[in-house]
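Since this is a predicted model, take the numbers as computed values, not measurements. Per chain, numbering begins at 1; letters A, B, ... match sequence-line order.
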Amino acid sequence: MARNYRHAIELQKKLSSLRRRVRLPKPVRTVGGADVAFSPDGRYCVAAVVVLSYPGFEELERVHSRMRVTFPYIPGLLSFREAPVMVAAAKKLSCQPDVMLVDGQGMAHPRRFGLACHVGVELGWPTIGCAKSRLMGTHRQPGQRKGCRCRLMDGDEVIGTVLRSREAIKCIYVSEGHLTELDQAVRLVLRCCVRYRLPEPIRSAHNFVTQLRANRKVWNQNEL
DNA sequence: GCGACAG
DNA sequence: ATCTTGTCGC
């Protein structure tokens, strides 16, 4: 898809016009989580997508997909490396989740088109970006109590929310993906943070992808 | 030119 | 992301 660095940036600008900012239409009953891991030699990647009930977080379904790595990691262009496998895995689900949490930024991106936006637009699904660290933007430090938050800014534009998902831990970065709205996204993500720093759907996807990575059979299959 | 920089 | 050991704290 993306030939090179420059082409990828133009593609982001083009695709970003397809992103929509709307509130979720109905009460959330299922939440998806997506994450990616790489083979020991770095030539292949595997994506995991899980769907949990909400609230309750019972696992309803899990799928995965493997693919050859075709793009290097470049800050700002992560989606060209991870979106393809993530989308391929998500398409294997028998039932679309009401909203999907993606391990990376959404709008908190130089061209407002991080991994969560890219995956959301390609699937046509509501997505939320939930990153473990900052890509860009400035912010004050939220209070130490769970639920404390500060706006993530790029100049005078709000691009996301820095959220304390548990007491006294490093904050997470929440931003709009596709078909979602920031305040609603932050409330949902916070409710998904039951006992750990990361929301349950992302933790489940991460645990799954970690066990897949350790499974030799996952990497020993032939090319399709 | 220098530093920053999701996973 | 991945490579790596012990270690501090609840």
Looking at every strand, decide which applies to G76(A) at a 4.0 Å heavy-atom threshold: base, sugar-phosphate, or nothing. base
Please state whether the rings of H139(A) and Y173(A) are parallel, tilted or perpendicular, taking 30° and 60° as the class boundaries. perpendicular
Are side-chain N/O atoms of S94(A) and E61(A) paired as donor and acceptor at under 3.5 Å? yes
Is it the case that the side chain of S53(A) and the backbone of E58(A) share a donor-acceptor pair, with hydrogens and angles ignored and the cut-off at 3.5 Å? yes
Give the B/S/- string for nucleotides 4-10 of chain C, one per nucleotide from 5' to 3', where a protein heavy atom under 4.0 Å of the base yields B, of only the sugar-phosphate yields S, and otherwise -. -------
Outer limits of DNA chain B sitting under 4.0 Å from a non-hydrogen atom of chain A, read 5' to 3', are dA4(B) to dG7(B)
How would you label the contact of A108(A) with the nucleic acid (heavy atoms, under 4.0 Å): base, sugar-phosphate, or nothing? nothing
Verify side-chain contact (heavy atoms from CB on, under 4.5 Å) between R19(A) and R21(A), making sure each step is shown before the conclusion. CA-CA 7 Å; R19(A) 194 198 73 94; R21(A) 176 181 190 273; 3.7 Å; yes
Give a yes or no on whether R29(A) atom CZ has more than 12 heavy-atom contacts from other residues, nucleotides or ligands under 6.0 Å away. no
Can you pull out every salt bridge (charged side-chain N to carboxylate O under 4.0 Å, His left out) where at least one residue sits in residues 109-123 of chain A? Sequence neighbours excluded, please. R112(A)-D154(A), R112(A)-E157(A)
Describe, in one word, how the ring planes of F80(A) and H118(A) are oriented to each other, choosing from parallel (under 30°), tilted (30 to 60°) and perpendicular (over 60°). perpendicular
Please work out which residues in residues 186-220 of chain A have a non-hydrogen atom less than 4.0 Å from an atom of DNA chain C and list them by number. H206(A), R213(A)
From SG (C130(A)) to CG (L198(A)), nearest 0.5 Å: 6.5 Å
Dot-bracket for DNA chain B, please, read 5' to 3', with Watson-Crick or G-U wobble pairs under 3.5 Å on both distances, ( ) within the strand, [ ] crossing, | other strand, . unpaired. .......
What distance separates K132(A) NZ from C171(A) SG, expressed to the nearest 0.5 Å? 14.5 Å
Looking at residues 126-135 of chain A, who's got a heavy atom less than 4.0 Å off DNA chain B? A131(A), K132(A), S133(A), R134(A), L135(A)
Please state whether the rings of W219(A) and Y44(A) are parallel, tilted or perpendicular, taking 30° and 60° as the class boundaries. tilted
Assess the residue pair E82(A) and D103(A) against the criterion (side-chain contact (heavy atoms from CB on, under 4.5 Å)); give the C-alpha distance rounded to whole Å, side-chain angles, the decisive distance to 0.1 Å, and a yes or no. CA-CA 10 Å; E82(A) 301 195 352; D103(A) 188 28; over 6 Å; no
Output the rest of the hydrophobic cluster of V22(A): all Ile, Leu, Val, Met, Phe, Trp and Tyr residues reachable through side-chain heavy-atom contacts under 4.5 Å, sorted by chain and number. L179(A)
Quick test of your reading: applying salt bridge (charged side-chain N to carboxylate O under 4.0 Å, His left out), list the pairs with at least one residue in residues 201-217 of chain A, sequence neighbours left out, ordered by first then second residue. E200(A)-R203(A)
Going through the distances and angles, do I172(A) and V189(A) end up as a side-chain contact (heavy atoms from CB on, under 4.5 Å)? CA-CA 10 Å; I172(A) 60 176; V189(A) 168; 3.9 Å; yes
Connected hydrophobic set around V85(A), excluding itself, where side chains approach under 4.5 Å: V36(A), F38(A), V49(A), V51(A), L60(A), V63(A), M67(A), V69(A), Y73(A), L78(A), M86(A), V87(A), L93(A), M100(A), V102(A), L115(A), V119(A), L123(A), W125(A)
Can you tell me how far the CG atom of L152(A) sits from the OG1 atom of T138(A), to the nearest 0.5 Å? 7.0 Å
Contacts to DNA chain B from residues 153-183 of chain A, heavy-atom cutoff under 4.0 Å, which residues? none
Residue set satisfying side chain to side chain donor-acceptor pair (under 3.5 Å) with R20(A), at least two apart, ordered chain then number -> none
If you round to the nearest 0.5 Å, how far is OH of Y54(A) from CG of D98(A)? 11.0 Å
Yes or no on side-chain contact (heavy atoms from CB on, under 4.5 Å) for Q184(A) and E176(A), after CA distance, side-chain angles and deciding distance? CA-CA 9 Å; Q184(A) 193 175 36; E176(A) 291 171 4; over 6 Å; no
Please convert DNA chain C into dot-bracket. A pair counts if it is Watson-Crick or G-U wobble with both distances under 3.5 Å; crossing pairs go in [ ] and bases paired with another strand get |. ..........
Name the nucleic acid region contacted by F38(A), choosing base, sugar-phosphate or nothing; use a 4.0 angstrom heavy-atom cut-off, strictly under. sugar-phosphate
Counting heavy atoms not belonging to K146(A), are there more than 12 under 6.0 Å from its NZ? yes
